[in-house]
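To keep things clear, I will list the structure first and then write my remarks on it.
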Amino acid sequence: MAKPKVAFYWCASCGGCEETVIDLNEDLLKVADAVDIVLWPVALDFKKKDIEALSDGEIAVSFINGSVRLEEQEEMAKLLRKKSGLVVAFGACACLGGIPGLGNFCTRESIFQRAYKEVPSVENPEGIVPQEKVDIGIGELTLPEFYDTVKTLDQTIPVDYYLPGCAPPPDLIMNAINAILTGQLPEKGAVLAPNKALCDTCSRNETKPEKISMAEIKRPWEIKIDPEKCFLEQGLICLGPATRSGCGETCIKANMPCRGCFGPLDGVIDQGAKALSAIVSILGIEGEEKMTDEDVKKLVDGIADPAGTFYRFSLPSSLLRRKRVEGIGE
Ligand code: SF4
Ligand code: SF4
């Protein structure tokens with residue numbers, strides 16, 4: 001009997017989601033035994049034309065990581081959607097926009113200006129930036145269009161399931177693969193991770209008082225972090241109250257606060273706003289006394305890069321989606 005065909009593809013991402021497939025270790029051999037991998041750019045030499053040659057729906061499942069920034073990524077996502085029975089948004093960038101999604105605070109022009117002309121390590125006296133078409137004398141070279149706005153995968157194609165994380169942990173990947181192979185999948189649209197807040201599974205939860213007063217918001221490098229105590233209690237911003245569990249508390253165990261890569265819980269449409277509301281409700285209390293507006297402002301001013309802190313992984317999927325710029329946006 002023919003094995004189910006599986007594709008892996010990466011769009012705008014760092015490559016970590018591709019590497020996490022390797023982190024399956026010996027389980028990777030079981031996967032390779034059970035399925036027929038038809039596309040995996042990081043590891044295998046298949047081409048776009050190989051996918052085009054397949055019948056529509058012939059691939060059982062495509063795991064697509066990364067957000068959609070380039071015309072080529074949109075084209076490949078649409079091709080894989082057409083050829084696949086199921087599409088899984090694989091990792092934080094595909095699910096929420098991720099770190100590349102922070103580019104939505106800028107425009108294409110400002111990104112090109114900074115990356116190709118201003119950074120100290122760049123030597124570019126002619127100020128050349130990527131062009132979609134360049135005549136090189138013996139022919140024309142083309143590059144895919146670099147979009148102004150980064151999109152999540154489901155803003156580009158319909159997605160069946162979401163596997164969150166930066167990167168998704170191997171146990172959740174194996175659970176997802178087993179569920180697909182045995183047909184024991186939840187309802188379409190489900191996130192394949194527990195619908196519980198990280199705080200609920202965090203080993204420091206017992207030290208998280210119901211009301212926390214913060215005299216000052218600090219950054220991790222500014223203090224010696226107590227490895228037992230809730231980060232919020234120590235004046236550090238932790239997105240645990242607004243983030244889905246399932247990662248195995250990786251950062252917490254490494255004594256770093258959660259940055260929110262698992263995204264929001266079911267029903268929350270804006271993880272950043274949810275986290276902000278959780279933290280602000282904490283900031284408003286000092287002992288039994290209410291803080292003055294002035295005190296709150298001083299504390300909030302102490303948050304370095306608030307937009308990047310609360311929307312680090314989720315800007316394109318949030319209500320904000322991108323910075324408003326005349327002529328850009330939908
Ligand atoms: S806020 Fe962070 S450290 Fe505190 S209980 Fe929640 S996840 Fe754990
Ligand atoms: S602790 Fe937070 S940022 Fe770290 S892996 Fe888990 S969900 Fe992601």
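All values reported here derive from a predicted model rather than from experimental measurement. Ligands are counted one by one from 1 in listed order, and the atoms in each one are counted from 1 as well. When a residue number appears, it is its place in the shown sequence, counting from 1.
In the vicinity of G240, heavy-atom distances shorter than 4.0 Å reach the ligand 1 atoms 7 (S). The ligand atoms of ligand 1 that sit less than 4.0 angstrom from a heavy atom of L232 are 1 (S). Numbered from 1 in the order shown, with element, the atoms of ligand 1 that lie under 4.0 Å from a heavy atom of N205 read 5 (S). Set against the non-hydrogen atoms of G260, the atoms of ligand 2 under 4.0 Å away are 2 (Fe), 3 (S). For ligand 1, the atoms closer than 4.0 angstrom to any heavy atom of C230 are 1 (S), 3 (S), 4 (Fe).
In summary, D45 and K47 engage in a salt bridge, as defined by a charged side-chain N under 4.0 Å from a carboxylate O. Salt-bridge annotation for D305 and R312: absent, with no side-chain N of the basic residue lying under 4.0 Å from a carboxylate O of the acidic one. A salt bridge links E52 with K48; the closest basic N to acidic carboxylate O contact falls under 4.0 Å.
Aromatic ring centroids of Y311 and F105 lie 6.0 Å or more apart.
For atom 6 (Fe) of ligand 1, the closest non-hydrogen atom of the protein is C199 SG, 2.3 Å. Ranking protein heavy atoms by distance to atom 2 (Fe) of ligand 1, first place goes to C238 SG, 2.3 Å.
A cation-pi arrangement is present between R204 and F231, with the terminal nitrogen or guanidinium carbon under 6.0 Å from the aromatic centre and inside a 45° cone about the axis.
The side chain of C202, and not its backbone, has at least one atom closer than 4.0 Å to an atom of ligand 1 (non-hydrogen atoms only; side chain from C-beta on).
S55 and K83 get closest at one heavy-atom pair: O-CD, 3.7 Å. Of all heavy-atom pairs spanning I64 and A77, the tightest one is CD1-CA, 4.4 Å. Contact between K151 and S67 at its shortest, heavy atoms only, is O-CB, 3.3 Å. When all heavy atoms of L163 and L192 are compared, the pair lying nearest together is CD1-O, 3.6 Å.
Around atom 6 (Fe) of ligand 2, protein N, O or S atoms at a distance under 2.8 Å total 1; waters are neither shown nor counted.
Taking hydrophobic clusters as Ile, Leu, Val, Met, Phe, Trp and Tyr residues chained together by side-chain heavy-atom distances below 4.5 Å, L102 shares a cluster with I237.
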